[in-house]
2 protein chains.
Amino acid sequence: MGYLAQAPQLDGLIEHLESAEGLGDLQAAITGLRDQYGVNHIVYHWVNAAGDQYGCGTYDQVWVDRYLEKGYLRIDPVIQGCYQRFHPVDWKRLDWSSKAARAFLQDAIDHGVGNQGFSIPIRGPNGQFALFTVSHNATDEEWEDFAEANRRDLILVAHYFNQKALELEPGRKPETAQSLSPREIEAMTLLAIGYSRAQAAETLAISEHTLRVYVESARFKLGALNTTHAVARAISRGLVVV
Amino acid sequence: MGYLAQAPQLDGLIEHLESAEGLGDLQAAITGLRDQYGVNHIVYHWVNAAGDQYGCGTYDQVWVDRYLEKGYLRIDPVIQGCYQRFHPVDWKRLDWSSKAARAFLQDAIDHGVGNQGFSIPIRGPNGQFALFTVSHNATDEEWEDFAEANRRDLILVAHYFNQKALELEPGRKPETAQSLSPREIEAMTLLAIGYSRAQAAETLAISEHTLRVYVESARFKLGALNTTHAVARAISRGLVVV
DNA sequence: TTTTAACTCCCCAGAAATAGCGAGGGCAGA
DNA sequence: TCTGCCCTCGCTATTTCTGGGGAGTTAAAA
C-alpha cells in the first residue's frame with residue numbers, strides 16, 4: 001500500500017472489460033485494476049432508488065455492510081456532490097462542513113477506505129446514475145499527481161465499466177420501453193414546477209379533466225403510485241427537466 | 001472530403017478545449033477538430049426534454065434551420081436511439097424502418113450531412129442530454145475503420161466538450177441549495193418513491209402530523225409550492241436519490 | 001447560558017387529487 | 001381497412017393533502 005504505480009495499459013484493460021461475461025468478471029477486472037494502479041481501492045457503485053444498490057469493488061465487506069446499514073447513502077457527500085456535477089470530483093473539493101459528513105469520513109478512513117479519493121459520476125439512460133471511485137492513503141500532493149496523470153484513462157475505464165454493467169445488469173431492462181407522449185410530458189413538467197392540476201390545465205388550454213387523463217396515463221406508463229411518484233420518476237429518468 | 005485523417009493529438013485537443021472561454025471558442029474548437037479528423041461534420045447538440053435545443057458544429061445553417069423548422073427532433077432516430085443507449089452509436093445500427101425516418105435520412109444526405117455517422121450520447125446533471133456526432137461520406141468499411149480507430153478519443157473529447165458547454169451555459173443556476181434535515185430527506189424520499197403521507201409516517205414510525213411538519217418544512221426550504229414541486233426540486237438538486 | 005434548530009405530538013375545515021363510469025375525432029402503421 | 005395510440009371533453013363520490021392554529025423535549029451551536 002502507499003505505492004502508486006504507473007498507469008497501466010489502457011487498451012488491454014478495455015479489451016479485458018469488453019470481454020466480460022458476468023458480474024464475476026467485472027469484480028475480477030476491478031480487482032486487477034486496483035492492483036495495477038497500486039491504490040487502496042477501486043469501486044463501481046450503481047446508485048439507485050429505494051435503498052437497493054448494486055456495485056462491485058475492493059472495499060471490505062464490513063464497510064459495505066456498514067455503509068448500507070447506517071444509511072450512509074443519504075449522508076455521503078461524494079454521492080451528493082457527484083450527483084450535481086459532470087466532471088470527476090476529488091473528494092477534497094466536496095462539502096465536508098456538516099458534522100455527519102465528517103463523522104462519515106472518519107468512519108470510512110477507519111475502515112481502510114483511504115483519506116484521498118476521486119469519483120467519476122456516470123449517467124446512463126433512464127436516469128441511471130453510478131460512481132466510479134478510486135481511493136487511497138496518500139498526501140495531497142501525491143494524490144494530485146496521481147489524479148492529474150490518470151484522469152482521462154479513468155474516465156474511459158469508468159465509461160466502459162458502466163457500459164458492461166448496463167449490459168449485464170439483469171433487472172433493469174424492462175423499465176425502459178415506455179416513454180411519454182408530448183402532451184403527457186408537458187403536463188408532468190407543469191406539475192413538476194409546482195402548478196396545480198387546474199393551473200396546468202389552464203396553461204395548456206385544455207380542460208382539467210383532460211389534463212387529469214394525461215397525468216393518469218403518465219402515471220400508468222411510469223408505474224407510479226401517485227402523481228408525486230410519477231413526477232419523481234419522470235425527473236429521474238430525464239423525461240422532465242425542472 | 002472523403003479523406004479520413006489520422007487521429008489528432010488528444011492531449012493538445014483537450015487542453016485547447018479546457019482553455020475555451022466562450023461559445024465562440026467551442027465553435028472554433030469543433031471546426032478545428034473536424035478539419036483534423038478530415039470528416040464532413042462534427043456537431044455538439046444539447047437536447048432538452050422540453051424541446052429547446054442548443055448546439056454548435058459544422059452543419060450548414062440551412063440544414064440546422066430545416067431541422068428545427070421540420071421538427072426533426074421528434075423523428076430523428078439518432079436522438080431516439082441515443083436516448084436509450086449508453087455507448088456510442090453507429091447510425092447504421094439504428095432503427096430506420098419507419099417511413100418518416102428514411103425520408104429524414106435522405107433529406108439529411110441531400111443537405112451534405114453525410115451517409116455515415118457516429119453519435120455519442122452524453123448525460124449531465126439535472127437530466128441534461130447531449131449528443132456529440134461525427135458524420136461523413138464514406139463506405140461502410142472505411143467508416144467502420146475510422147470509428148474503431150477513434151472511438152475512445154472521441155468519447156473523451158465529447159466528455160470534455162460537454163464539460164465546457166455546461167460551464168459556459170448561461171442558464172446555469174448557482175442555487176445555494178439550503179439542505180434538508182435528515183428526517184426531512186427521509187420524508188421526501190419516501191414520498192418520492194410513491195408512499196402516501198400515512199404510509200411514510202408509518203414507515204418512519206412517527207405520527208402523520210409529524211411527517212406533515214417535515215414535508216412542510218422541506219417545502220418551505222426548497223421554495224416549493226406544493227409537495228410534488230418540493231419532491232421535484234429535491235430530486236433535481238440531488239438531495240433525494242430515487 | 002441562551003438561543004437555535006431538529007424532532008415529536010394533536011384538531012379542524014377547506015382545497016385538491018384519485019377512482020370509477022363514459023364518449024368521440026384524428027392520424028399513422030400493419 | 002383496421003388497430004392502436006394520442007388528444008379532447010363530462011360527471012360523481014371518496015380519499016388525501018394543505019394551511020391555520022398550539023406545545024413540549026432534546027441536542028447542538030453561539
Side-chain angles (χ1 to χ4, degrees), chain A residues 71 74-75 97-103 177-232 239, chain B residues 51 70-72 74-75 77 80 95-104 178-192 194-232 239:
Chain A
R74 314 238 172 262
I75 297 168
S97 60
S98 93
K99 182 179 284 187
R102 283 194 303 272
Q178 300 281 24
S179 68
L180 302 182
S181 76
R183 223 49 176 154
E184 285 161 357
I185 289 179
E186 288 182 288
M188 299 304 282
T189 302
L190 291 174
L191 295 184
I193 60 175
Y195 284 35
S196 70
R197 296 204 303 203
Q199 290 174 310
E202 196 188 352
T203 304
L204 296 178
I206 55 178
S207 75
E208 188 175 337
H209 175 86
T210 301
L211 185 114
R212 215 185 69 191
V213 172
Y214 294 147
V215 176
E216 278 175 17
S217 169
R219 208 168 58 213
F220 181 74
K221 287 181 180 175
L222 294 166
L225 299 168
N226 53 44
T227 301
T228 299
H229 192 198
V231 168
L239 300 171
Chain B
K70 292 252 183 183
Y72 278 153
R74 304 240 173 252
I75 298 168
Q80 309 295 326
D95 175 25
W96 297 97
S97 60
S98 93
K99 190 183 292 179
R102 281 194 304 273
F104 162 73
Q178 193 167 1
S179 63
L180 304 180
S181 78
R183 226 42 176 157
E184 284 161 357
I185 290 180
E186 288 182 288
M188 299 303 282
T189 303
L190 292 173
L191 294 184
Y195 285 36
S196 70
R197 294 203 305 201
Q199 290 175 310
E202 196 187 351
T203 303
L204 296 179
I206 55 178
S207 75
E208 188 176 338
H209 174 87
T210 302
L211 185 113
R212 215 185 72 193
V213 173
Y214 295 147
V215 176
E216 279 176 17
S217 169
R219 209 167 56 216
F220 181 75
K221 287 182 180 175
L222 294 166
L225 299 168
N226 54 46
T227 301
T228 299
H229 192 196
V231 168
L239 301 171

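To find a chain, count down the sequence lines: A is the first, B the second, and so on, and within it residues start at 1.
- As rounded to whole Å, 9 Å separates atom P of dA19(C) from atom CG of Leu225(A).
- When only modelled atom types and interatomic distance are considered, Thr228(B) and Thr228(A) share a side-chain donor-acceptor pair under 3.5 Å.
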#### Entry: Test salt bridge (charged side-chain N to carboxylate O under 4.0 Å, His left out) applied to Arg212(B) and Glu216(B), step by step
CA-CA 6 Å; Arg212(B) 215 185 72 193; Glu216(B) 279 176 17; 3.5 Å; yes
Find every protein N or O atom lying less than 3.5 Å from an N or O atom of nucleotides 5-12 of chain C, and list the pairs.
residue	atom	partner	partner atom	Å
dA6(C)	OP1	Lys221(B)	NZ	3.2
dC7(C)	OP2	Ser181(B)	OG	2.5
dC7(C)	O3'	Tyr214(B)	OH	3.3
dT8(C)	OP1	Arg183(B)	NH2	3.2
dT8(C)	OP2	Arg183(B)	NE	2.9
dT8(C)	OP2	Tyr214(B)	OH	2.0
dC9(C)	OP2	Ser207(B)	N	2.6
dC9(C)	OP2	Ser207(B)	OG	3.4
dC9(C)	OP2	Thr210(B)	OG1	3.0
dC9(C)	N4	His209(B)	NE2	3.0
dC10(C)	N4	His209(B)	ND1	3.2
dC10(C)	N4	His209(B)	NE2	2.3

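- Counting all heavy atoms, side chain and backbone alike, Ser181(B) lies closest to Lys221(B) at N-NZ, 3.8 Å.
- In this structure, CG of Leu191(A) is placed 15 Å from C1' of dC17(D), rounded to the nearest angstrom.
- One atom, CD of Gln199(A), and another, C1' of dA15(C), lie 13 Å apart when rounded to the nearest Å.
- Between the CD1 atom in Ile206(A) and the CG atom in Leu204(A) there is a gap of 5.0 Å [rounded to 0.5 Å].
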I'd like a table of donor-acceptor pairs (distance under 3.5 Å, sequence neighbours excluded) in which one partner is a side-chain atom from residues 96-104 of chain B, with atom names and distances.
residue	atom	partner	partner atom	Å
Trp96(B)	NE1	Trp91(B)	O	2.7
Ser97(B)	OG	Asp95(B)	OD1	2.6
Ser97(B)	OG	Asp95(B)	OD2	3.4
Ser98(B)	OG	Ala101(B)	N	3.1
Arg102(B)	NH1	Trp96(B)	O	3.3
Arg102(B)	NH1	Ser97(B)	O	2.6

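- If you take NE2 on His209(B) and OH on Tyr214(B), they are separated by 10.0 Å, rounding to the nearest 0.5 Å.
- Whole-Å rounding puts the Ile75(B) CD1 to dA28(C) P distance at 10 Å.
- Following rounding to the nearest Å, Glu186(A) (CD) and dT8(D) (C1') show an atom-to-atom distance of 14 Å.
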